[in-house]
Structure formats: structure tokens, C-alpha cells
Amino acid sequence: MANSTHTPFLSQPNSDESSQSPHPEGTEGKYLPSLDSTIENCIGKFCWAQFLQAIVVSFAWFFDAQQTFISVFADAQPMWHCNTNISSSCNTPISDLCHLPTNSWAWDLPEHTSTISEWGLQCAGSIITGMPASAFFVGCLIGGLVLATLADSSLGRKKMLSLTCVAMAMSTLLTALATNVWTYSALRLISGFGRATIGTSALVLSTELVGKKWRAQVGIIGFLCFTLGFLSLPALAYLNIGSTWRNLYLWTSIPTIFYSLLVHYFVLESPRWLFIKGRKEEAVGTLKTMAKANHESFTMSFSYLLIEEETWNVDLYSAIKILIEKKWALRRLSAVMAIGFGVGLVYYGMPLALGNLAFNLYLSVTFNALSELPASLIAFLFVSKLNRRTSILFYTILSGICSIMSVVKGVKSYTTLQIGLELVSFFSACSAFNILLIFTLELFPTCVRNSAVSMVRQALVLGGVFSPVLAAAGRGDGFVSYGVFGVVIICFGLFVVCLPETKGGVLCDTMDEEEYKERHQNYLC
């Protein structure tokens, strides 16, 4: 809002200056207290009510992770053995299963333990075997495009989170009833559609419920919950050994239904979003619930605020429209989405490709899930000190190099070294993923923040669409999966040089405020 014809987003009319003119003499082009700083003064920097709300909201990532990686076990390639008393030509280590008589071999476990064995997909090819997982990510893409702006426009953060959790849970419950790979893939697509904005809504809502000092750390709590959800899968799968894969979908869907009810009845809406929408009384009520100050002084402090409505009309896709129309916003959005695609290909692809490595699947998935924990902890503890641009560049390059090295011919014969390189690569991708989402939160103002984060997650998911097919194709040649992962994340990570550094900056609430900051920043691109 550098234009002097616009009033500040928040002003205090009880001051001498504001009572005379929107921009008193000597303050042209300057900003009076913003919405962010005013809310900060009212609720304080931290209180346990805020922290508890943020924890409950962030736990949505737990269920998000379960549905994202459940295909690692539900669609796993089962182990098999030769019936040597029937066929002497069968040799388990070297024989091609698809060229053996059906009575010369058998699965190690009952057929119903995996969709591959139950529906006879062992020779169907990478497109068919990877279709359910790809369908899930395609559903995430479609859901992101359809639902991306509803949290910024009509529904708000809380309702969006509750509704999408219900949609994901119900479709997951129905997935357990699938009778063939086609209905299974269709239900996975619907599940992905429901899941599309869960992480985004949880991340934005949790960070908007706390003060500036704790915003980045609270954002990392969601990533920790995602790690716990990922880590729960090998435990559930191990308990389910020998039983039907359908149990995994039942065990992960029912708790999600109860969680969505918890969000609906006990979680508060973002006060920042309520103010942006002009729902001042609701915003004040929300802040009263969280505030450390007494209600009387709190009410008086808000009774003199004048909220300026956004200068552009809000409809379903206005947030995306404004991001495209503003050159600086389009440049930022394009860069973070490019980085997101590269990171997403590795982040979603590596766990799906673990079956290609000569290592126990349950242990390798557990190690990968555990590697997310230090990545989240490092981000949690040091996010306030880390430069966003440098960190993302470092982690994407390290991830790419280790991914490529893990399938080098000399390394493949050393199982421990191979899994070690894979873990470093995945850890680096997780770190880049975490910092990228925090970076995106800081790059865009409140009025479009949820939509911007949604678009970045769309780019991450787009990488996920291709990763199941690459993982399936990599069963014959590891470079098709891990080699491609490495090259892509390095190339796309370089787009970070086109973005401004945001460490220690103040979050803006309107496009005008962010544009004012943009004019005083210098960076490449």
C-alpha cells in the first residue's frame, strides 16, 4: 500500500495522527501497526491455550502421512518361493516369476496380504501396479485445484480441515471394500481428493493461532506429527503380517473420523482470517479464548480498530488470480512450485521404491520414517536461525548426489552403504520439504497464504504422481528410480536463487503490504 490514496490496513483512531488524516504529514507511504502486530499485542507471544490448539490442529498431519504412504505395504510386491518338488527348473533368486508355470511357485504369505498377490498383478507392469498410488496423487492434484482457495475465501481454515478429514476417512473406509484394481484405484483417487488440502489447512491454521516468536516452531510440529504417522505404518503392517491388506485401511480410517469431530467441536478459527473477512466480533471472541490478558482490557484494545477490507473482491479463485496477475507474486509462486516438484518426486518416491533395495522392507520404511524425525527436529530448533534460500539449496543438492550414488554399480553390492546413502538422500529431501513450506508461508500475505501453500503442495504432489511409476519401473534398473530422483531434485532446487530471503521478517496481511516490501528487496531473477 505505497499508494497514498489507501489507508493503512490497521490504524488506531484514538491517536492524534490518525484522527486528522489517514496519512499524517511526514508519514506518506509508511505503515501504522499491522494486523499481525496488533493481534500479537493482544494475545501475547505464547500461552498454553494457543499451544494446545496448535497441537490438535497439527495432528491432522498424522493421518495425512498414513494415507500418503499406505501403498508401500498394501501394494507391496510379496515374497515367493519355488515348489521344488514340482519343478526343478525354478530357482527363486534368478527365475523370472512371469515365465514360470503357475504351479511351480507359491507366495510366502497368503494371497490376501497384498493387492499384488490377491489380484494377480505380479506381471502386470509398472503402469498397472503403480496406478493405485498414482491415482491417489492425481486425486490430490484435482482436489488441490478445486479446493485450494476455499480456506481463504468462503469456508475458512477450520471448516476446510474438518471437512477434508471426513472426506478422506470415508473414502479410505470404502477402499477396504474394493474388489479389483480399478475400483481400488478409483477409491484411492477420491481419498487423495479429500486429502489434498489437509496439510495446508493444518499448517496455516496452526501458525496463525500463535505469535510471531513461535510461528515457525509451531509449523514444524505438523511435520513431527507427519513423521509419527509415517512411523506408525510399519508398526501396523508388522502387526498385520499374514492378514488382509484391507485391515490397514480400516485401522487408519476410523481414528480419522473421530479426529474430524474433535476439530469441528473444539478447534478455533484463525483470528487473522476472521479479521480479513470482516468478521470482527468472531475474531475478538477467538482471541479472548486464547489471550493471557483479562477480558475487559482485551475488549477495549480492539474496540478502536478500523479494519480496511481488501481492495480486490474475494471469490473462489480470486486468490489464485491475484497471485498470477502480480508479477512479483507469480515469480515467487513459480519458483517455489518448481522446487516443490523436485522435492516431491524424491520425498514421495523414495519410500515407494524401497522394495527395490536388497533390504528388509519393514526396517527400511522404519528407518526412512525415523530419518524424518531429525529433519523435523533440526527445523524446529534452528528454523529461526537458518537462511531459507541457502538451506534449501544445500539440502536439494545433497539429496540428489546421495540418491544417484545409491545406485552406482559399485555401491549396489554393499547393502549397508546403499541404504545409508538412501537415508541421507531422504533426510535431505525431508529437510528441504519442511523448510520450503515454512519459506512459502513467509513469502505470501495472509489474504493468499493458504492458496499459495496449496499450490506449492500441488507441485509436491505432482512429483508424487510420477514417483510410483518410476518406483515400479526401477525394480529392473535402479537408476530409473533413484538416478532420476537425484537429477531432478538438483536441477529444480536451483530455482531458489530467484527468491528473496525471509528469515526474521514480518508477515504481511495484504498484497499491498507485501508489494511495498518487494520494492525494497534485491535478489536474482
Side-chain angles (χ1 to χ4, degrees), residues 57-75 131-151 155 157-176 178 184-206 222-223 225-230 232-233 236 248-264 340 344 347-349 351-352 372 433 437 450-451 453-465 467-468:
V57 171
S58 298
F59 203 74
W61 289 78
F62 182 93
F63 305 108
D64 185 350
Q66 289 184 328
Q67 296 311 312
T68 299
F69 295 116
I70 196 170
S71 293
V72 174
F73 294 104
D75 306 341
M131 183 171 58
S134 290
F136 175 80
F137 290 113
V138 170
C140 292
L141 279 177
I142 298 173
L145 292 173
V146 174
L147 306 175
T149 62
L150 290 179
L155 286 182
R157 283 73 158 120
K158 173 187 169 180
K159 287 184 179 178
M160 174 61 75
L161 180 61
S162 179
L163 290 174
T164 51
C165 282
V166 168
M168 183 182 73
M170 296 306 297
S171 57
T172 300
L173 189 62
L174 292 174
T175 302
Y184 178 58
S185 298
L187 288 167
R188 290 299 289 155
L189 186 146
I190 298 172
S191 179
F193 181 90
R195 175 259 179 190
T197 61
I198 287 178
T200 304
S201 299
L203 178 63
V204 174
L205 178 56
S206 63
F223 305 151
C225 291
F226 190 92
T227 301
L228 294 176
F230 189 6
S232 70
L233 281 176
L236 289 174
L248 295 177
Y249 287 98
L250 290 174
W251 293 347
T252 56
S253 61
I254 295 174
T256 311
I257 295 174
F258 286 105
Y259 171 77
S260 63
L261 295 175
L262 179 67
V263 171
H264 178 74
Y347 182 78
Y348 293 120
L352 296 176
E372 283 213 43
F433 181 100
L437 290 184
N450 202 93
S451 299
V453 175
S454 294
M455 295 303 293
V456 173
R457 283 177 61 86
Q458 287 295 89
L460 288 160
V461 169
L462 181 61
V465 171
S467 59

## Note on the structure
Between G229 and A65 the two heavy atoms that sit nearest each other are C-CB, 3.9 Å
### Straight-line distance of L437 CG to L203 CG, nearest 0.5 Å
6.0 Å
### Task
Not counting sequence neighbours, which residues clear ring pair (Phe, Tyr, Trp, His ring centres under 6.0 Å) with Y348? List them please.
F137
### Distance in Å, K158 NZ paired with H264 NE2, rounded so as to fall on 0.5 Å steps
6.5 Å
### Query
What residues, two or more places apart in sequence or in another chain, satisfy side chain to side chain contact (heavy atoms under 4.5 Å, CB included) together with A459?
M337
### Query
What is the distance from atom SG of C140 to atom CG of L189, rounded to the nearest 0.5 Å?
9.0 Å
### Summary
Minimal heavy-atom distance between A196 and G143, with the atoms involved, is CB-C, 3.5 Å
### Message
For T164 versus G194, what's the shortest heavy-atom pair and its separation?
### Response
CB-O, 3.1 Å
### Message
According to side chain to side chain contact (heavy atoms under 4.5 Å, CB included), who are the partners of I142, at least two apart in sequence or on a separate chain?
### Response
V138, V146, F193
### Query
By side chain to side chain donor-acceptor pair (under 3.5 Å), which residues pair with S71, not counting sequence neighbours?
D75
### Query
If every non-hydrogen atom of C165 is compared with every non-hydrogen atom of A60, which pair is closest and at what distance?
SG-CB, 4.5 Å
### Full working for side-chain contact (heavy atoms from CB on, under 4.5 Å) between F433 and F226
CA-CA 12 Å; F433 181 100; F226 190 92; over 6 Å; no
### Message
Measuring from atom OG1 of T252 to atom CE of M168, what distance do you get when rounded to the nearest 0.5 angstrom?
### Response
8.0 Å
### Query
So do T227 and W61 actually touch side chain to side chain, heavy atoms under 4.5 Å?
no
### Message
To the nearest 0.5 Å, what is the distance between CG on L145 and CG on L141?
### Response
6.5 Å
### Task
Not counting sequence neighbours, which residues clear ring pair (Phe, Tyr, Trp, His ring centres under 6.0 Å) with F59? List them please.
F62, F63
### Query
Is any side-chain heavy atom of L161 closer than 4.5 Å to a side-chain heavy atom of R157?
no
#### Entry: Distance, nearest 0.5 Å, that separates CE of M160 from OG1 of T200
9.5 Å
### Task
Mind listing the closest non-hydrogen atom pair of L187 and L174 along with its distance?
CD1-O, 3.4 Å
### Query
Sub-3.5 Å donor-acceptor pair from the side chain of S201 to the main-chain atoms of I198, do we have one?
no
#### Entry: Contacts of S162 that satisfy side chain to side chain donor-acceptor pair (under 3.5 Å) - sequence neighbours left out
none
### Query
Sequence neighbours excluded, which residues qualify as side chain to side chain donor-acceptor pair (under 3.5 Å) partners of R188?
Q67
### Query
Any side-chain heavy-atom pair from V72 and L352 closer than 4.5 angstrom?
yes
### Task
List the atom of Q66, the atom of L233, and the distance in Å for their closest heavy-atom pair.
O-CD1, 3.6 Å
#### Entry: For S253, side chain to side chain contact (heavy atoms under 4.5 Å, CB included) partners two or more places apart
T172, L173
### Message
Could you walk me through whether L248 and F73 satisfy the side-chain contact (heavy atoms from CB on, under 4.5 Å) test, starting with their C-alpha distance in whole Å, then the side-chain angles of each, then the deciding distance to 0.1 Å, before giving a yes or no?
### Response
CA-CA 9 Å; L248 295 177; F73 294 104; 4.0 Å; yes
### Query
So which pairs with a foot in residues 57-68 pass salt bridge (charged side-chain N to carboxylate O under 4.0 Å, His left out), sequence neighbours left out?
D64-R195, D64-R457
### Message
For S134, give me all partners under side chain to side chain contact (heavy atoms under 4.5 Å, CB included), at least two apart in sequence or on another chain.
### Response
P468, V469
#### Entry: Set of ring pair (Phe, Tyr, Trp, His ring centres under 6.0 Å) partners for F230, sequence neighbours left out
F69
